[in-house]
Amino acid sequence: MSDFLRILKRTHYCGDLNATHVGEEVILMGWAHRRRDHGGVIFIDLRDREGLVQVVFNPEISLACHSEAGRIRSEFVLAIKGLVRKRPEGMENPDLKTGAIEVMASDLEILNESKTPPFLLDNTAEISENVRLKYRYLDLRRPEIQKNLILRSRVAAAAREFFYQEGFIEVETPFLTKSTPEGARDYLVPSRVNQGMFYALPQSPQIFKQLLMVSGFDRYYQIVKCFRDEDLRADRQPEFTQIDVEMSFITQEDIIKIMERMMAHLFSVCLGKELSLPFPRISYVEAINRFGKDSPDMRFGLEIHDLTDILMNSGFKLFAEIVSGGGVIKAISIENGTSLSRKDLDELRDYVAQYGAKGLAWARITPEGWTSPIFKFLTPDEVAAINKKMDAREGAVLLFVADSPNVARDALGNLRIHLAKKLMLIDPEKLAFTWVTEFPLFDYSETEKRFVSTHHPFTSPVPEEIPLIETDPDKVHAQAYDLVLNGSEVGGGSIRIHRKEVQKLIFKALGLSDDEAKNKFGFLLDALEYGTPPHGGIAFGLDRLVMLMTGAESIRDVIAFPKTQKATCMLTDAPSQVSVEQLMELSLKIVI
RNA sequence: GGGGUCGUAGUUAAGUUGGUUAUAACGCCGGCCUGUCAAGCCGGAGGGCGUGGGUUCAAGUCCCAUCGGCCCCGCCA
């Protein structure tokens, strides 16, 4: 046996071999993906990160190799030397990238053995997530997941490339930082040196990047982890990565322009897709009214129509009462909805119930007119007005929600997405980018009984509306913008406040006393007094972006070592208990 | 904090109205085989049904509790 590793170095990746290598002697290192032992001849599909190639062990070429190859089992680690040759006539495998050729092994070393893996590493195998996460290092050998992480790496590299060329400076900001009010729950880190004190992991580098603008770095970016201790979803992890950007001496328009170019660069370099610029824009109010969400999916229609005016004085008491109680009546129309059965409609009613909707009325438009449980309550004029407003044609099904404005919005906003998936109205090739602009500066929080920032407390109001902050905070607009792709918020940013008086006004409107503001954000207020340039920025969720670029169904499929929905790691078993000694050092005591 | 769903060999699943030794496929082990590529053929091993209670003559099937995966609501500046 030859001395692989030290003397015989790898010459190629398995998946990179093709007909141009015919006649070359190659050295490959990889894993035994599959073994087909014919007794006389043994085929091994050798796998590395670039793909598979068939290796042939023939006793006529090397008896010793053939004999050793008989020991090979799934996931053994192999080094082989062999001649690339064109496969015999009729033996090509068109399903394999390297299927035109094969490697005739003349030398083999089993570098390591493997236990039988708990699951097949085939792309076809659907393995439950708990098993995959427990053996994540094996799951990550699967070509499908490797492909995702390789694309993720390309996206990050393309972003750095773009920012470098545009004169941005990458600056690292601290992970051990100060807990601040507002926003998500912080992950806390106890301080040993300062007993009883805590750092917080950053929810984003927001304040630091603004301070870098004060420092004159002018154009900053960072690809950085952020931490939020909130409950998880299919597209939400407690630690996630942002492409974080901040610029000085710019307007909202400037940021939008340059970020569109960055997005175009990423999609061109990483996916070979050319985006058409500029992206369309929609105001927050229009997005909510037409799509029921501030992150509208514009790949399909099913827009929401407001029928409140038509039905406010209706003889249908239920509708009239809801309207007089401050409610609204909204509806969507499904063209060619005849395939929807009564059972389907019941299922849709149950679907909207989870958003608090108390009912879902429907109407079918047949050649004879409406077929609907509510038809008898409506006047012909009302029916005609609804038909006209919704452009309802024969074959359509109308779905109505009469409820409080928020419930109607959420119910129908989510229903249209649910329907689009169910009725397969979404073109999977489509990339619908949209900027959402003109956000309100504040939202009223029913739970906290106060105004909270829609974006964050450092977002600049539209300058002309500053006087309204104290009188009509709900009427103030923010200089904020979100980038939405296929109904997912992939980025968001704003022009920041660079004047101390304005920042103080905002803190006051949020219910922060002068003392609290000074205690929590004093350093920022101080900094604003030392020549802060006008500035603004944006941050993109790298995980979500890559998820959309790869078509992954879960954020976990684009993260190497993700957490479960209970924020645990099935591989390492984190979080876990720590020793009493560790606690004592931190002057902590478990009280539960 | 709440709603839904799932948990049966290594994996993916089936398991009727509760009823003999709990099925299948793939994987695994052994044998045969020089052109397969989800190789084939023959043979074999492997689980007591997430866990703990309960009902019953009898529980994978029913009840209660509990643990865990996933999806969702709340939450996520």
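Just so you know, these numbers use all the heavy atoms, side chains as well, and skip hydrogens, waters and symmetry mates. In the text below, chain A, chain B and the rest are named by the order of the sequence lines, each starting its count at 1.
- Across all strands shown, C26(B) is found opposite G10(B) as a Watson-Crick or G-U wobble partner, with both distances under 3.5 Å.
- Between Arg556(A) and Glu129(A) there is a salt bridge, since a side-chain N of the basic residue sits under 4.0 Å from a carboxylate O of the acidic one.
- Rounding to whole angstrom units, CE of residue Met104(A) and P of G35(B) are separated by 13 Å.
- Taking atom P on both G74(B) and G60(B), the two are 41 Å apart, rounded to the nearest angstrom.
- For Arg236(A) against C76(B), a side-chain N or O and a base N or O form a donor-acceptor pair under 3.5 Å.
- Using a 4.0 Å cut-off, no side-chain N or O of Thr98(A) falls inside it from OP1 or OP2 of C37(B).
- The backbone N or O of Gly39(A) lies less than 3.5 Å from a partner atom in the side chain of Asp37(A), making a donor-acceptor pair.
- A distance cut-off of 5.5 Å between ring centres, combined with a plane angle under 30°, places Phe43(A) in a stacking arrangement with the base of U36(B).
- Checked by atom type, the side-chain pair Asn414(A)/Lys293(A) shows a donor-acceptor distance below 3.5 Å.
- The side chain of Lys566(A) lies closest to G69(B), out of G69(B), C73(B), U34(B).
- Between the C1' atom of U11(B) and the CZ atom of Phe119(A) lies a distance of 9 Å, rounded to the nearest Å.
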Anything under 3.5 Å between a protein N or O and an N or O of nucleotides 38-46 of chain B, put it in a table, one pair a line.
| unit_1 | atom_1 | unit_2 | atom_2 | d |
| --- | --- | --- | --- | --- |
| A38(B) | O3' | Arg34(A) | NH1 | 3.4 |
| A39(B) | OP1 | Arg34(A) | NH1 | 3.0 |
| A39(B) | OP2 | Arg36(A) | NH1 | 3.2 |
| A39(B) | N6 | Asp37(A) | O | 2.8 |

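- Taking atom CG of Leu415(A) as the reference point, atom P of C72(B) lies 17 Å away to the nearest angstrom.
- Contacts of Thr454(A) with the nucleic acid, taken as non-hydrogen atoms under 4.0 Å apart, involve only primed sugar atoms and P, OP1 or OP2.
- Salt bridge present: Glu144(A) and Arg142(A) bring a charged side-chain N and a carboxylate O closer than 4.0 Å.
- U61(B) and G54(B): their C1' atoms are spaced 15 Å apart (whole Å).
- Going from atom CG of Asp231(A) over to atom C1' of C70(B) covers 14 Å, rounded to whole Å.
- When each of Glu92(A) and Val131(A) is assigned the nucleotide of RNA chain B with its nearest heavy atom, Val131(A) is the one assigned upstream, toward the 5' end.
- The pair Lys343(A)-Asp346(A) fails the salt-bridge criterion, with no side-chain N (NZ, NE, NH1 or NH2) lying under 4.0 Å from an Asp/Glu carboxylate O.
- Nucleotide C70(B) forms a Watson-Crick or G-U wobble pair with G4(B), both donor-acceptor distances falling under 3.5 Å.
- As the counterpart of G46(B), no nucleotide is assigned, since no Watson-Crick or G-U wobble pattern has both distances under 3.5 Å.
- If you check U34(B), G35(B), G27(B) against the side chain of Arg85(A), the one that comes closest is G35(B).
- Remark: A58(B) base-pairs with no nucleotide in the shown strands. Criterion, Watson-Crick or G-U wobble with two distances under 3.5 Å.
- Comparing the P positions of G47(B) and C6(B) gives an interatomic distance of 27 Å, to the nearest angstrom.
- The C1' atoms of G53(B) and C67(B) are separated by 14 Å, rounded to the nearest whole Å.
- At a threshold of 4.0 angstrom between heavy atoms, the contacts of Asn58(A) include nucleobase atoms, whether or not backbone atoms are also involved.
- Closest to the Ser128(A) side chain, of the nucleotides G10(B), G27(B), U12(B), is U12(B).
- Residues satisfying the ring-ring contact (aromatic ring centres under 6.0 Å, His included) criterion with Phe175(A), sequence neighbours excluded, are Phe227(A).
- With hydrogens and angles ignored, the 3.5 Å screen pairs no side-chain donor or acceptor of Glu438(A) with any backbone N or O of His477(A).
- Atom pair Leu232(A):CG and G69(B):C1' shows a separation of 13 Å (rounding to whole Å applied).
- Judged by distance alone with a 3.5 Å cut-off, no donor-acceptor contact links the side chain of Arg73(A) to the base of C29(B).
- No contact: Phe458(A) has no heavy atom under 4.0 Å from any strand.
- With C71(B), C37(B), C26(B) as the choices, the nucleotide that has an atom nearest any side-chain atom of Arg87(A) turns out to be C37(B).
- Nucleotides A14(B) and A22(B), compared at atom C1', are 11 Å apart to the nearest Å.
- With hydrogens and angles disregarded, a donor-acceptor distance shorter than 3.5 Å links the side chain of Thr454(A) to the backbone of Pro440(A).
- Nucleic acid contact class of Glu102(A) (heavy atoms, under 4.0 Å, all strands): base.
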Please test Leu399(A) against Leu415(A) for side-chain contact (heavy atoms from CB on, under 4.5 Å), starting from the C-alpha separation and ending with a verdict. CA-CA 10 Å; Leu399(A) 299 170; Leu415(A) 180 63; 3.9 Å; yes
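- For the pair Met91(A) and Gly183(A), both in contact range of RNA chain B, the more 5′-proximal nearest nucleotide belongs to Met91(A).
- Checking G35(B), C70(B), G27(B) against the side-chain heavy atoms of Thr116(A) singles out G27(B) as nearest.
- Residue contacts shown for Arg556(A) are limited to sugar-phosphate atoms, with no base heavy atom under 4.0 Å away.
- Taking the C1' atom of each, U11(B) and G46(B) are spaced 13 Å apart, rounded to whole Å.
- One can place CD of Gln237(A) at 12 Å from P of G69(B), the figure rounded to the nearest angstrom.
- Contact annotation for Glu448(A): no contact, since no heavy-atom pair falls under 4.0 Å across all strands.
- Between C73(B) and U56(B), the distance separating the two C1' atoms is 40 Å to the nearest Å.
- Nearest to the side chain of Gln565(A), among C71(B), U12(B), C75(B), sits C71(B).
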Result block: side-chain N/O donor-acceptor pairs under 3.5 angstrom for residues 503-511 of chain A, not counting sequence neighbours:
| unit_1 | atom_1 | unit_2 | atom_2 | d |
| --- | --- | --- | --- | --- |
| Gln503(A) | NE2 | Pro457(A) | O | 2.9 |
| Lys508(A) | NZ | Glu470(A) | OE2 | 3.4 |

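- Asn130(A) contributes no side-chain N or O that forms a donor-acceptor pair with the base of G7(B) under 3.5 Å.
- For Asn130(A) and Ser128(A), the side-chain atoms include at least one donor-acceptor pair closer than 3.5 Å.
- We find that CG of Asp482(A) is positioned 15 Å from P of C76(B), with the value rounded to whole Å.
- Regarding the sugar-base torsion, G48(B) falls in the syn class, its angle being within 90° of 0.
- Side-chain atoms of Gln54(A) and base atoms of U36(B) include a donor and an acceptor less than 3.5 Å apart.
- Remark: Asp139(A) engages Arg132(A) in a salt bridge, criterion side-chain N to carboxylate O under 4.0 Å.
- Of the candidate nucleotides C76(B), C70(B), G35(B), G35(B) has the atom nearest to the side chain of Val41(A).
- Contacts of Thr568(A) with the nucleic acid, taken as non-hydrogen atoms under 4.0 Å apart, involve only primed sugar atoms and P, OP1 or OP2.
- Pro457(A) comes within 4.0 angstrom of a base, heavy atoms only.
- The NE2-P distance, from His66(A) to C33(B), rounds to 11 Å in whole Å.
- When the P atom is used for both U5(B) and A65(B), the distance is 15 Å, rounded to whole Å.
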